[in-house]
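Encoded as structure tokens, the structure appears first; notes follow it.
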Amino acid sequence: MTLHLPSADGTLRAYEPRTEPLPALRATSGSAFSSRTVFSAAHVVADPYADTTPDGPAAVDWDATLAFRRHLWSHGLGVAEAMDTAQRGMGLDWPTAAELIRRSAAEARATGGRIACGVGTDQLTATAATAATLAGVRSAYEEQLAVVEESGAQAILMASRALAATAQGPDDYLEVYGHLLRQAAEPVILHWLGPMFDPALEGYWGSSDLDAATDTFLEVIAAHPDKVDGIKVSLLDAQREIDLRRRLPRGVRCYTGDDFNYPELIAGDEQGFSHALLGIFDPLGPLAAEAVRVLDTGDTDGFRALLDPTVELSRHLFRAPTRYYKTGVVFLAWLAGHQSHFTMVGGLQSARSLPHLARAYELADGLGLFPDPKLAEERMRNLLALYGVNR
């Protein structure tokens with residue numbers, strides 16, 4: 001039955017929803033991949049009945065949140081927990097993030113799923129971050145690192161707004177990260193998140209010159225290669241990532257966080273490839289898992305044939321302002337039936353326009369990403385009616 005979807009120019013366009021999901025969505029295998037290590041950064045499901053405000057403590061539906069992680073594990077994906085996809089610093093406060101880490105790590109142990117969790121400094125308020133000292137930043141990192149290590153999860157050292165505001169140059173980054181790596185119990189993943197994802201991270205690693213920043217980043221790794229499992233690069237620049245991964249010490253992985261160019265980066269070239277830690281694998285989970293299993297057989301063309309068509313959707317969700325991609329991710333989870341509502345912590349469901357959401361639905365439905373296309377169509381109709389589109 002035809003839907004009329006709003007376009008950015010204010011007109012409505014006719015769209016015929018798909019009637020069958022992609023066959024790959026029916027395949028379920030929790031076995032590990034053999035050729036790549038793959039994490040999906042997972043979103044949190046808000047409690048829609050909580051009486052809260054956008055700047056109040058986050059209210060999470062724990063049952064639905066953990067059920068979504070079991071969904072990802074069931075397809076063999078690892079879960080990157082409490083990352084920016086989970087709205088760290090954009091609605092998810094540190095006390096709730098700490099509880100999320102503990103609950104998800106316990107669930108991972110119970111199900112045999114792989115998990116890595118974000119370590120940051122977001123317990124420092126915006127005012128405190130601006131006035132922070134390097135010692136204060138280290139202390140905040142240490143507090144969060146202890147929570148992750150005590151949970152039994154692998155640590156991901158996230159980029160810190162407080163450090164970006166406090167550091168006077170590359171030496172301060174070398175000091176803080178060196179201190180953390182020396183005390184880390186197990187090898188960690190270092191996270192370089194570009195300012196397109198968070199404007200407060202402009203000039204990270206001590207310079208707005210990306211070549212200079214890269215040199216500092218590599219210096220941190222070179223000083224502690226035994227404590228670095230890998231790096232997650234989220235700069236949306238494929239060639240820069242390729243150049244960076246070719247300079248990594250032997251044994252240090254590159255996990256792509258490039259939601260614009262992930263198929264080619266994961267496929268790799270004659271000199272290497274990237275593993276994956278991606279927000280787009282939240283909505284793409286089953287399809288992404290199927291593609292990596294094809295890659296495990298050595299069939300790079302088959303891998304690209306499955307994953308390349310998803311790039312248009314990903315680029316749409318992650319379009320500027322990129323930091324609001326979480327809205328599209330949660331919207332698609334609602335349409336796919338992973339949660340009963342389209343509500344987000346911090347009220348972030350309002351961060352994207354109706355035309356943007358309509359296009360996300362159209363692209364995702366065209367790919368066959370919805371296990372129940374009729375449910376997705378019904379929910380899309382309800383949203384359109386809520387906005388006054390009654391045709």
Side-chain angles (χ1 to χ4, degrees), residues 39-47 50 52-69 72 78-109 113-129 132 136-164 180 184 188-191 193 197-198 200-201 232 234 257 277 279 282 323-327 329-330 333 339 343-348:
F39 290 97
S40 167
H43 74 280
V44 293
V45 183
D47 178 355
T52 186
T53 60
D55 57 353
V60 174
D61 180 337
W62 293 112
D63 289 342
T65 293
L66 295 176
F68 188 76
R69 280 129 185 85
L72 295 173
V79 168
E81 187 58 277
M83 302 290 290
D84 50 299
T85 302
Q87 296 181 243
R88 289 292 291 272
M90 290 187 68
L92 189 73
D93 53 278
W94 166 239
T96 311
E99 184 173 0
L100 175 65
I101 289 166
R102 295 185 181 104
R103 286 176 179 255
S104 292
E107 197 73 19
R109 289 195 300 273
R114 183 166 184 168
I115 189 168
C117 299
V119 172
T121 62
D122 49 321
Q123 68 269 56
L124 300 174
T125 65
T127 301
V137 171
R138 285 197 307 270
S139 178
Y141 263 130
E142 288 170 342
E143 177 189 355
Q144 296 199 15
L145 180 61
V147 169
V148 171
E149 291 187 336
E150 288 166 6
S151 77
Q154 183 178 16
I156 304 171
L157 294 186
M158 301 171 65
S160 163
R161 292 174 181 171
L163 182 55
L180 294 169
V188 308
I189 298 173
L190 296 179
H191 187 193
L193 194 68
F197 286 92
D198 186 344
L201 299 178
K232 179 193 187 296
S234 299
L277 199 165
D282 180 303
R323 62 189 179 277
Y324 295 125
Y325 77 87
K326 296 94 167 173
T327 302
V329 165
V330 174
Q339 55 195 79
T343 307
M344 299 176 66
V345 298
L348 208 63

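All figures in this text were calculated on a predicted structure; none of them were measured in a lab. The first residue in the sequence is number 1, and the count goes up from there.
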Query raised in the report: Given M158 and V119, is the side chain to side chain contact (heavy atoms under 4.5 Å, CB included) satisfied, shown in steps?
Result: CA-CA 6 Å; M158 301 171 65; V119 172; 5.7 Å; no
Report task. Would you check, one step at a time, whether the test side chain to side chain contact (heavy atoms under 4.5 Å, CB included) holds for I156 with L277? Result -> CA-CA 11 Å; I156 304 171; L277 199 165; 3.9 Å; yes
Query raised in the report: Does the side chain to side chain contact (heavy atoms under 4.5 Å, CB included) test come out yes or no for Q339 and F68, once each step is laid out?
Result: CA-CA 9 Å; Q339 55 195 79; F68 188 76; over 6 Å; no
Requested in this report: Verify side chain to side chain contact (heavy atoms under 4.5 Å, CB included) between L100 and L92, making sure each step is shown before the conclusion.
Outcome: CA-CA 10 Å; L100 175 65; L92 189 73; 4.0 Å; yes
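The two residues A50 and A59 have their closest heavy-atom pair at CB-CB, 3.3 Å. Smallest separation of non-hydrogen atoms from T85 and G279: OG1-CA, 3.7 Å. Nearest heavy-atom pair across F197 and G257 is CZ-O, 4.3 Å. Shown here for A159 and L201, the closest heavy-atom pair between the two residues is CB-CD1, 3.7 Å. Residues V147 and W94 share a closest heavy-atom pair of CG2-CZ2, 3.9 Å. Between M90 and K326, the closest heavy-atom pair is SD-NZ, 3.3 Å.
No donor-acceptor distance shorter than 3.5 angstrom exists from the side chain of Y141 to the backbone of G136, with no hydrogens or angles considered. Side-chain N or O atoms of E81 include none that pairs as donor or acceptor with a backbone N or O of I101 at under 3.5 Å. At distances below 3.5 Å, not a single donor-acceptor pair connects side-chain atoms of D84 with backbone N or O atoms of Q87. Under a 3.5 Å cut-off, the side chain of T65 and the backbone N or O of V45 do form a donor-acceptor pair. For R109 (side chain) and G152 (main-chain N/O), no donor-acceptor pair under 3.5 Å exists by modelled atom type. The backbone N or O of G118 sits less than 3.5 Å from a side-chain atom of R88, completing a donor-acceptor pair. A donor-acceptor pair under 3.5 Å links the side-chain atoms of S160 to the main chain of A162, judged by distance alone. Listed for the T327 side chain is a donor-acceptor partner under 3.5 Å among the backbone atoms of L348.
The shortest distance between side-chain heavy atoms of L66 and S104 falls below 4.5 Å. Proximity of E142 to L180: side-chain heavy atoms (C-beta onward) are separated by under 4.5 Å at one or more points. Using a 4.5 Å heavy-atom cutoff, the side chains of M344 and H43 are not in contact.
Taken from CD in E149 to SG in C117, the straight-line distance is 11.5 Å, to the nearest 0.5 Å. Note: Q154 CD to I115 CD1 = 10.5 Å, rounded to the nearest 0.5 Å. The CD atom of E99 lies 10.0 Å from the CG atom of D93; values are rounded to the nearest 0.5 Å.
With salt bridges taken as basic N to acidic carboxylate O contacts below 4.0 Å, none links E107 and R103. Under the 4.0 Å criterion applied to side-chain N and carboxylate O atoms, R161 and D122 are not assigned as salt-bridge partners. Ionic pairing of R102 and E150 is not present here: no N-O contact between side-chain nitrogen and carboxylate oxygen is shorter than 4.0 angstrom.
Note on residues 54-63: pairs passing side-chain hydrogen bond (donor to acceptor under 3.5 Å, both in side chains), not counting sequence neighbours, are T53-D55.
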